[in-house]
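These numbers were taken from a predicted model, which means no experiment stands behind them.
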Amino acid sequence: MQNAAGPSFLADCPTRLAVEIISDKWAVLVIFGLSQQPRRHGELVELIGGISRKVLTQTLRRLQQYGLVERHAEAPRRIEYRLTGLGSTLVGPIEILTSWAREHGGAIADFQEAAEAATSARARPAG
């Protein structure tokens, strides 16, 4: 039986691999954080709220493996990360997604709160 969703959803499709890479929230935030200029590890930790140093290191390594970020050592203690040409091609789509989130984030939060309230109301015993 052929995949009704199309070949992009097959396990070995490059499109699926690309979506898996960028669907990680930290990967998108790191790419966006590097979109304006190269940054050092500590600068990225400060810029990206909530990311631990360990998770940032893992994310940067994964993005390097896929050719989206490069590590540049100017001196032993002066290491910067920057987007590659390929990584830079993701900035536009991420900016569009960011714009969408700013415009519709409130509505999503409202729906989430309503769903949580409905779940809580169903879980309470009648009484």
Side-chain angles (χ1 to χ4, degrees):
M1 179 176 193
Q2 187 173 357
N3 186 344
S8 296
F9 290 92
L10 296 176
D12 60 349
C13 177
T15 303
R16 183 168 165 176
L17 174 62
V19 169
E20 287 175 10
I21 293 165
I22 63 168
S23 65
D24 176 68
K25 74 176 178 180
W26 298 120
V28 171
L29 292 173
V30 168
I31 291 168
F32 198 65
L34 294 172
S35 66
Q36 299 298 313
Q37 64 188 38
R39 296 186 192 270
R40 296 178 70 183
H41 192 276
E43 292 175 307
L44 286 167
V45 169
E46 290 177 20
L47 183 67
I48 303 169
I51 192 168
S52 69
R53 291 184 175 276
K54 178 182 175 183
V55 170
L56 176 58
T57 298
Q58 292 169 341
T59 302
L60 285 165
R61 286 182 181 157
R62 191 171 54 254
L63 293 172
Q64 283 177 266
Q65 290 172 347
Y66 290 117
L68 301 174
V69 168
E70 64 184 10
R71 183 179 187 266
H72 181 71
E74 293 180 11
R77 306 211 84 192
R78 177 85 176 154
I79 298 168
E80 289 186 333
Y81 296 89
R82 62 181 60 145
L83 293 178
T84 63
L86 182 60
S88 294
T89 65
L90 288 169
V91 174
I94 290 171
E95 286 175 341
I96 291 169
L97 183 58
T98 301
S99 177
W100 180 90
R102 285 186 182 127
E103 185 175 338
H104 300 288
I108 291 171
D110 291 345
F111 279 108
Q112 187 176 19
E113 287 176 22
E116 289 172 0
T119 301
S120 295
R122 284 194 301 265
R124 288 191 207 121

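Heavy-atom minimum distance, Glu80 versus Pro38: OE1-CB, 3.7 Å. Annotation for Thr84 and Gly67: closest pair OG1-O, 2.5 Å, computed over non-hydrogen atoms.
Trp26 and Leu17 fall within a single hydrophobic cluster, where Ile, Leu, Val, Met, Phe, Trp and Tyr side chains are chained together by heavy-atom contacts under 4.5 Å.
A side-chain contact (heavy atoms from CB on, under 4.5 Å) with Val69 is found for exactly one of Leu86, Leu63, Thr59, namely Leu63. With Leu83 as reference, Leu34 is the one residue of Val30, Thr89, Leu34 to meet the side-chain contact (heavy atoms from CB on, under 4.5 Å) rule.
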Assess the residue pair Val28 and Ile31 against the criterion (side-chain contact (heavy atoms from CB on, under 4.5 Å)); give the C-alpha distance rounded to whole Å, side-chain angles, the decisive distance to 0.1 Å, and a yes or no. CA-CA 5 Å; Val28 171; Ile31 291 168; 5.8 Å; no
Applying side-chain contact (heavy atoms from CB on, under 4.5 Å) to His41 and Thr57, what does each step give before you reach the verdict? CA-CA 8 Å; His41 192 276; Thr57 298; 2.9 Å; yes
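Counting heavy atoms from C-beta outward, Arg61 and Arg71 have side chains that stay 4.5 Å or more apart. Counting heavy atoms from C-beta outward, Ile22 and Leu90 have side chains that approach closer than 4.5 Å.
To the nearest 0.5 angstrom, Leu47 atom CG is 9.5 Å from Phe32 atom CZ. Note that CD1 of Ile79 is 9.0 Å distant from CZ of Arg77, once rounded to the nearest 0.5 Å. To the nearest 0.5 Å, atoms OG (Ser52) and CD (Gln58) are separated by 7.0 Å. For the atom pair NE2 (His104) and CG (Asp110), the distance works out to 13.0 Å, reported to the nearest 0.5 Å. A distance of 12.0 Å separates CZ of Arg40 from NE2 of His72, quoted to the nearest 0.5 Å. Between Tyr66 atom OH and Ile21 atom CD1 the span is 4.5 Å, to the nearest 0.5 Å.
More than 12 heavy atoms of other residues, nucleotides or ligands sit less than 6.0 Å from atom CD of Glu116. More than 12 heavy-atom neighbours from other residues, nucleotides or ligands sit within 6.0 angstrom of CZ on Arg82.
Salt bridge annotation for Glu43-Arg39: absent, with no cationic side-chain nitrogen under 4.0 angstrom from a carboxylate oxygen.
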